[in-house]
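Please read the structure below before turning to the comments.
Just so you know, these numbers use all the heavy atoms, side chains as well, and skip hydrogens, waters and symmetry mates. Every chain is numbered from 1 and lettered A, B, ... according to where its sequence line falls, protein lines coming before strand lines. Quick caveat: nothing in here was measured; it's all calculated off a predicted structure.
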There are 2 protein chains.
Amino acid sequence: MIGNAVQELLLENEESLMIDGENVATLLDTHPLDHALLVLTNIGYSKIPVLDSEGRYVGLISLSAVVEAMFNTTDIEPGRLADFKVADVMEECRTAVKLPVNIEKVLNLLVNDNFVVVTDGNDTFAGIITRREILKAVNHTVHELETRYHVTEKTPVVKVKQAQKIS
Amino acid sequence: MIGNAVQELLLENEESLMIDGENVATLLDTHPLDHALLVLTNIGYSKIPVLDSEGRYVGLISLSAVVEAMFNTTDIEPGRLADFKVADVMEECRTAVKLPVNIEKVLNLLVNDNFVVVTDGNDTFAGIITRREILKAVNHTVHELETRYHVTEKTPVVKVKQAQKIS
């Protein structure tokens with residue numbers, strides 16, 4: 001469990017923790033892969049969320065999955081890309097978190113992923129929380145903690161017992 | 001500045017913080033881009049370090065930079081890749097940290113990059129510290145802090161003055 005002081009500092013700039021959906025590059029599951037290649041190369045992110053036509057979060061697509069779809073056994077054939085859709089090579093729905101976010105869960109998920117998708121109650125895509133935004137909050141927390149709080153080691157149980165005997 | 005208690009927890013598993021150079025996928029600056037494409041697609045990382053023939057860290061190469069080199073104005077031409085070397089499209093040497101690492105500097109650099117390169121005294125590539133390893137250390141720290149330490153808010157100066165007046 002994360003204690004109150006740490007949690008308060010981590011969430012002190014909570015409103016800037018999530019990048020709002022309208023500012024996140026996404027693809028539709030029905031987009032052809034040649035379009036996906038252009039988008040992923042231009043934005044410079046290696047993986048982005050995939051939505052369906054209703055705006056629901058359905059998966060993640062990576063640049064390497066699209067490039068792999070170009071490979072034949074021995075050659076690279078860019079023409080193959082138009083034959084596939086995003087839905088054919090995406091990773092299907094991974095974990096998402098709901099608003100208001102549980103910071104403990106987010107910190108855990110970001111050990112393995114570059115970002116966590118945030119959805120609202122109806123699985124509608126709301127935005128993402130990236131490692132970048134969390135690491136900003138972590139920097140703030142580790143710098144401020146011992147400025148604002150006294151942090152003193154708890155006396156181990158064995159020491160308390162000894163002290164009682166002596167007195 | 002990061003206080004002592006937080007710093008101690010962040011570095012408690014310091015030996016697992018850096019991934020040793022021999023376990024990190026790298027490319028040579030002289031490798032042709034068709035080889036780079038295969039390596040970057042297979043390992044599933046979007047960016048890896050580039051070394052020279054002496055083992056010195058000279059830059060970073062990304063999958064999107066390699067894919068961009070395939071684009072002609074309107075077409076994708078995989079044949080172009082054999083004409084370029086890694087040195088032609090890599091980002092030249094970015095910041096690296098030296099051993100023993102300064103955790104404050106590492107936490108700052110990881111806000112903007114997925115990993116930080118670690119070099120020894122002669123700029124020889126020693127390994128990388130990734131956001132993944134740092135986020136493991138952060139999870140450990142935020143969970144342990146208030147278990148092992150008493151964390152109490154410092155009395156703001158104004159309150160102390162009021163208290164003195166009353167007494």
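Around the CG atom of A:N4, the shell of radius 6.0 Å holds no more than 12 heavy atoms that belong to other residues, nucleotides or ligands. Residue-environment remark: CD (A:E92) stays at or below the threshold of 12 foreign heavy atoms within 6.0 Å.
With contacts defined as side-chain heavy-atom distances shorter than 4.5 Å, the pair B:I103/B:L17 qualifies. You'll find the side chain of A:L99 reaches within 4.5 Å of the side chain of A:V118, heavy atoms only. The side-chain heavy atoms of B:K98 and B:T119, taken from C-beta on, include a pair separated by under 4.5 Å. Proximity of B:K154 to A:H150: side-chain heavy atoms (C-beta onward) are separated by under 4.5 Å at one or more points. Proximity of B:Y149 to B:E8: side-chain heavy atoms (C-beta onward) are separated by under 4.5 Å at one or more points.
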Q: Decide side chain to side chain contact (heavy atoms under 4.5 Å, CB included) for B:L145 and B:L9; before the verdict, give the C-alpha distance in whole Å, the side-chain angles of both, and the deciding distance to 0.1 Å.
A: CA-CA 8 Å; B:L145 193 91; B:L9 282 168; 3.5 Å; yes
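Remark: the backbone N or O of A:E77 is not paired with any side-chain donor or acceptor of A:D75 at under 3.5 angstrom. In this structure, the side chain of A:N102 engages the main chain of A:K105 through a donor-acceptor pair within 3.5 Å.
Along residues 124-142 of chain B, the residues that come nearer than 4.5 angstrom to chain A, judged on non-hydrogen atoms, are B:R131, B:R132, B:I134, B:L135, B:K136, B:V138, B:N139, B:V142 in order of number. Heavy-atom neighbours of chain A within the stretch residues 21-42 of chain B, taken at a separation under 4.5 angstrom, comprise B:L37, B:L38, B:T41. Contact residues of residues 107-114 of chain A toward chain B are A:L107, A:N108, A:L110, A:V111, A:N112, A:N114 (heavy-atom distance under 4.5 Å).
Nearest heavy atoms, A:L51 versus A:Y57: CD2-CA, 3.9 Å.
Interface summary for chain A: among B:M70, B:E144, B:K47, B:E68, the most heavy-atom pairs under 4.5 angstrom belong to B:E68. The candidate with the highest count of non-hydrogen atom pairs below 4.5 Å against chain A, out of B:G79, B:S46, B:P78, is B:P78. Chosen from B:V151, B:T152, B:V6, B:I76, the residue pairing most often with chain A at heavy-atom distances under 4.5 Å is B:T152.
The side chain to side chain donor-acceptor pair (under 3.5 Å) check on B:E104 picks up A:H143, with sequence neighbours excluded.
If you take NZ on A:K85 and CG on A:L81, they are separated by 12.5 Å, rounding to the nearest 0.5 Å.
Transitive grouping of hydrophobic side chains (ILVMFWY, heavy atoms separated by less than 4.5 Å) brings B:F84 and A:V67 into a common cluster. Hydrophobic clustering places B:V86 together with B:V58 (ILVMFWY residues linked when any side-chain heavy atoms are closer than 4.5 Å, directly or through intermediates).
Using a 4.5 Å cut-off between heavy atoms, B:F71 touches chain A through its side chain atoms alone.
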